[in-house]
Amino acid sequence: MAARPLLWASAAVAAVAAAVMTSTALPVVAAPRTDQAGGTRSVKVVDVVRKGSRVVELTIRTPAFATPTKVDVDLPVGYRSHPHKRWPVTYFLAGIMNTYASLNHVVDGVKLTSHFPAISVSPNGDSGWWSDWYNSGAGGAPEYETYVVDQLIPLIDKRFRTIPRRSERAVIGVSMGGYGAMMLAARHPDLFGEAASLSGAVNTSFQPIATVLSASPTFQGGAVDAIYGSQATQEIRWHGHNPTDLASNLRETRLQVRTANGFPNPGIGETLLSADTPSCLIEAGVHQGSLDFTRKLNALHIPHLWEDYGPGCHTPQNFEREITDTLSVLAKQFADPAAQPSSFTYRSIEPRFGIYGWHVAADPRRALEFLELHVTGHRHLMLAGSGTTTITTPRWFSGGRRVVLRGAMQRQAPVDRRGRATFTVDLGAPDRNQQYTAGATTSTVRRTVAIAPSRE
């Protein structure tokens with residue numbers, strides 16, 4: 001760890017950001033994500049180290065990475081003295097060139113969480129933007145999203161006394177970690193009830209942020225554009241992970257967006273050494289990205305906490321105040337958990353996805369593009385996209401033989417032993433050209449489906 005660490009970038013990253021501030025044509029990237037490979041069967045904790053009375057370091061072997069990865073777990077005060085109590089969980093995502101230990105080493109996480117009534121989990125994100133890498137279409141390791149969503153969360157819930165519910169699970173992050181927090185919350189809103197971006201790179205359509213993302217794989221030995229592929233050919237993957245593009249998915253999530261503006265602030269202890277030109281340039285860039293994101297939330301009338309602190313750079317001093325304020329809000333939210341939403345809107349580029357118990361499979365002949373699902377209660381859904389789409393309901397219909405459908409390709413659908421019904425919806429001919437590519441003619445068809453248990 002450098003003597004003057006940044007949670008988002010080193011001088012190399014700052015140089016990329018500074019260069020793009022004065023350039024108008026630099027390359028950008030984007031990334032894919034296939035349907036989650038669930039479970040923790042191939043994930044194993046291979047070492048446990050107690051780093052203090054409240055900090056446990058786990059070493060985890062997982063196929064998501066070529067080598068074992070580490071995670072710090074900061075236990076709340078009272079965890080050991082109240083052996084039957086269960087706790088909320090907050091996942092903390094660090095920035096570029098930082099590690100799982102950044103919460104405790106860059107800022108004093110043990111001190112900051114001393115009054116925080118939740119378990120704090122800090123996985124390792126390297127410079128991977130918390131995503132599964134495209135790797136020129138080959139996929140495979142590293143798979144940060146798969147690791148956090150499908151492997152780490154179940155492992156933490158099994159190993160520690162958590163409250164394993166969406167309303168008691170938060171994800172927060174600084175800089176690249178702010179992007180990761182909002183991206184994961186938007187792609188998995190049924191997992192996280194709260195999300196916070198702190199000086200976050202939450203709009204990768206903003207050129208300086210996009211250029212750093214493109215270069216980031218090289219900081220850990222990867223190729224340029226390894227995360228999402230070239231935007232020239234894979235722009236849909238880019239949009240499919242950008243929090244600003246996915247903002248509508250966050251309507252049911254309690255959100256915090258915090259940033260400073262890139263001017264030094266001696267009032268919080270920033271000095272000429274800590275608040276140098278690179279750190280201030282970076283904070284100015286994430287400030288603009290945060291503005292873009294909050295404006296999109298406002299346009300969609302999505303409630304959120306917006307905090308523009310004014311002066312402050314990309315420094316530990318700024319991060320500490322952002323984390324302190326964020327944890328204070330989260331503590332109040334955990335004390336008053338939100339109810340599970342009965343209605344929601346979700347858009348995704350994935351060919352197959354699951355959300356709030358629904359499972360959706362797009363037409364296999366369809367090129368990669370957005371598909372939108374809007375559910376109102378137990379009885380109505382709306383789909384927007386192209387091709388023949390297969391829908392499986394949550395486990396709602398136990399005891400019934402079939403459901404009656406209006407607007408689907410079938411008039412009735414059988415109910416399986418788990419109480420789920422599966423049916424298809426005709427969204428017209430499948431689009432054959434990937435969205436955002438030359439020649440793409442995305443033909444969005446909307447269909448409304450009503451579902452009712454059969455009386456027979």
Q. Is any side-chain heavy atom of Asn242 closer than 4.5 Å to a side-chain heavy atom of Ser205?
A. yes
Q. Between Gln207 and Thr211, is any side-chain donor less than 3.5 angstrom from a side-chain acceptor?
A. yes
Q) Once you round to the nearest 0.5 Å, how far does OG of Ser120 lie from CD1 of Ile323? A) 10.0 Å
Q. Do you see a donor-acceptor pair shorter than 3.5 Å between the side chains of Arg347 and Ser248?
A. no
Q) So Trp396 and Trp358, would you call those rings parallel, tilted or perpendicular, with 30° and 60° as cut-offs? A) perpendicular
(Q) Would you say that Glu320 contacts Asp108 through its side chain, given a criterion of any heavy-atom pair below 4.5 Å between the two side chains? (A) no
Q. So with a 6.0 Å cut-off around NZ of Lys111, is the heavy-atom count from everything else above 12?
A. no
**Q.** Any residue meeting side chain to side chain donor-acceptor pair (under 3.5 Å) with Arg251, in chain and number order, not counting sequence neighbours
**A.** none
Q: Find out whether Tyr91 and Ile153 are in side-chain contact, i.e. whether some heavy atom of one side chain is under 4.5 Å from a heavy atom of the other.
A: yes
Q.
Taking the side chain as everything from C-beta on, heavy atoms only, tell me whether Glu194 gets closer than 4.5 Å to Val329.
A. no
Q) Which heavy atom in Ala94 sits nearest to a heavy atom in Thr99, and how many Å separate them? A) CB-O, 3.8 Å
Q: Would you tell me whether Ser167 and Gln340 have side-chain atoms, one donor and one acceptor, within less than 3.5 Å of each other?
A: no
Q: Answer yes if the side chains of Asp325 and Tyr309 hold a donor-acceptor pair under 3.5 Å, and no otherwise.
A: yes
Q) Any side-chain heavy atom of Val174 within less than 4.5 Å of one from Val107? A) no
Q: Measure the shortest side-chain to side-chain distance between Asp190 and Phe344 over non-hydrogen atoms and say whether it is less than 4.5 angstrom.
A: no
Q.
Are Tyr346 and Tyr356 an aromatic pair, judged by ring center distance below 6.0 Å?
A. no
Q. What is the distance from atom CZ of Phe319 to atom CG of Leu112, rounded to the nearest 0.5 Å?
A. 13.0 Å
Q: For the residue pair Tyr79 and Trp87, categorise the inter-ring angle as parallel (less than 30°), tilted (30 to 60°) or perpendicular (more than 60°).
A: tilted
Q | Validation row: Glu168, Thr162 side chains within 4.5 angstrom (heavy atoms) | A | no
Q | Any donor-acceptor N or O pair under 3.5 Å, side chains Asp74, Asn104 | A | yes
(Q) If you compare all heavy atoms of Pro189 against all heavy atoms of Thr253, which two are closest, and at what distance to 0.1 Å? (A) CB-OG1, 4.3 Å
Q) For the residue pair Trp130 and Tyr179, is the inter-centroid distance of their aromatic rings smaller than 6.0 Å? A) no
Q | Shortest non-hydrogen contact between Cys313 and Phe263, atoms and distance | A | SG-C, 3.7 Å
**Q.** Non-hydrogen side-chain atoms of Arg159 and Val56 separated by less than 4.5 Å
**A.** no
Q: Tell me yes or no: between the side chains of Ser343 and Thr376, is some donor less than 3.5 Å from an acceptor?
A: no
